[in-house]
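One structure is given here, and the rest of the page talks about it.
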Amino acid sequence: MPKISIIVPCYNEQESIPLFYAAVQKIYQDQIQVTWPQYQLEYWFIDDGSTDQTLSAMQTLAHTDSEHSHFVSFSRNFGKEAALYAGLQHATGDLIVVMDVDLQDPPELLPQMMSGILEEKYDIIGTKRLDRQGEPVIRSWFANGFYRLINHVSQTKLERGARDYRMMTRQVVDTILDLPEYNRFSKGIFSWVGFKTKYLGYENHDRVAGTTHWSTGDLINYAIDGIINFSDKPLAIAAFLGLTACGVSLLAMVFIVGRALIFGNPTTGWSSIVAIILMLGGLQLFCLGIVGKYIGKQYLETKHRPIYITKQEH
Ligand code: UDP
Ligand code: MG
């Protein structure tokens, strides 16, 4: 029998889990089962090292619906990317869906996603938010800037406003699982593997319960990670800045020597020298920082540490 796997990363989501399960079950019974009665549903809840009652909420579901509801519990918080990877590894379905537990990813789209794959023969049906309503203006501004920047510097194009919420065929998931990298930036990986993709748009929803786990600092780090993981342009920019600085200083030297020959050499201009030294020092540190970022990534990659550690699973 064909099966749909739903992968749900959860970090301190004790209130959201039962609401999420009820909402998805409703769509499944009212719509999916009516149109595609042969399709079974399985859930993979991933407890990403939660410190509240998230695990017991999962255990309750695994108890009441033991045939369809499964969970994996991590030994600590490994981050959403690790949780997604664990879910993809465990899922046994023919169609695999990744979605947030806070119902910001509307389950009402599931039937549309299924028909996109089964009837229109797409491999991936992704989703994107049409607006960023309810979000601080400055955050939207930075988010838009991020998409412009990454699409400019990277071969891997990211759809603006795209969410992780998507349905994929078995083939796509197997391809993603073949990428063993430690630094996982899912948005980029989903796009990098290619395949025929369609995006469904939807209006932004607020969380049903709990609060977001992303601070502004986290989002900035996430954006930097995305760029470093999918582009080596920053290295080229560093080299370019270095070369430009060399060129400018050569020109300046010619000018200064020429001026000294013509007008003599009065001791002026120490402040401009200090400014130039500071500027070049800053530039060097900045470029060193860029190079360091890549070395740091490589360092983590070569350790071959596991992406997550399971403490308990059902
Ligand atoms: N999440 C996770 N591990 C983390 C942070 C978040 O598994 O370290 C899960 C979280 O439980 C939720 C999803 O990732 O299901 C999205 O998180 P959140 O709603 O906080 O992000 P936002 O929607 O605000 O971008
Ligand atoms: Mg959310």
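The first residue of the sequence shown is numbered 1, and numbering continues consecutively from there. Basis for what follows: all heavy atoms, side chains included, without hydrogens, waters or symmetry-related copies. Atoms within each ligand, like the ligands themselves, are counted from 1 in listed order.
Of the heavy atoms in K80, both backbone and side-chain atoms come closer than 4.0 Å to ligand 1. Within the 4.0 Å heavy-atom criterion, neither part of I46 lies near ligand 1.
Counting protein heavy atoms only, atom 1 (N) of ligand 1 is closest to Y11 CB, 3.8 Å. Summary of contacts: the protein heavy atom closest to atom 11 (O) of ligand 1 is E13 OE2, 2.6 Å. Taking atom 9 (C) of ligand 1 as the reference point, the nearest protein heavy-atom neighbour is P9 O, 3.6 Å. Remark: minimum distance from atom 25 (O) of ligand 1 to any protein heavy atom is reached at W214 CD1, 3.9 Å. Taking atom 3 (N) of ligand 1 as the reference point, the nearest protein heavy-atom neighbour is D48 OD2, 2.6 Å.
Ring pair H90/W44 is tilted by interplanar angle, where 30° to 60° counts as tilted. Using a 30° and 60° split on the angle between ring planes, F74 and F78 fall in the perpendicular class, above 60°. Ring-plane geometry between F230 and F185 is classed as tilted, the angle between the planes lying from 30 to 60 degrees on a 0 to 90 degree scale. Ring orientation note: the planes of Y202 and Y165 are nearly perpendicular, at an angle over 60° on the 30°/60° scale.
The closest non-hydrogen atom to atom 19 (O) of ligand 1, taken over T212, D102, L103, comes from D102.
Contact check on D100 versus K80 returns a salt bridge, with a Lys/Arg side-chain nitrogen under 4.0 Å from an Asp/Glu carboxylate oxygen.
Among the atoms of T212, none of the N, O or S atoms falls under 2.8 Å from the Mg ion (ligand 2).
For the pair G79 and ligand 1, the shortest N or O to N or O distance does not fall below 3.5 Å.
The name of the N, O or S atom in D102 nearest to the Mg ion (ligand 2) is OD2.
Of all atoms in ligand 1, numbered sequentially from 1 with element shown, those under 4.0 Å from a heavy atom of Q104 are 19 (O), 22 (P), 23 (O).
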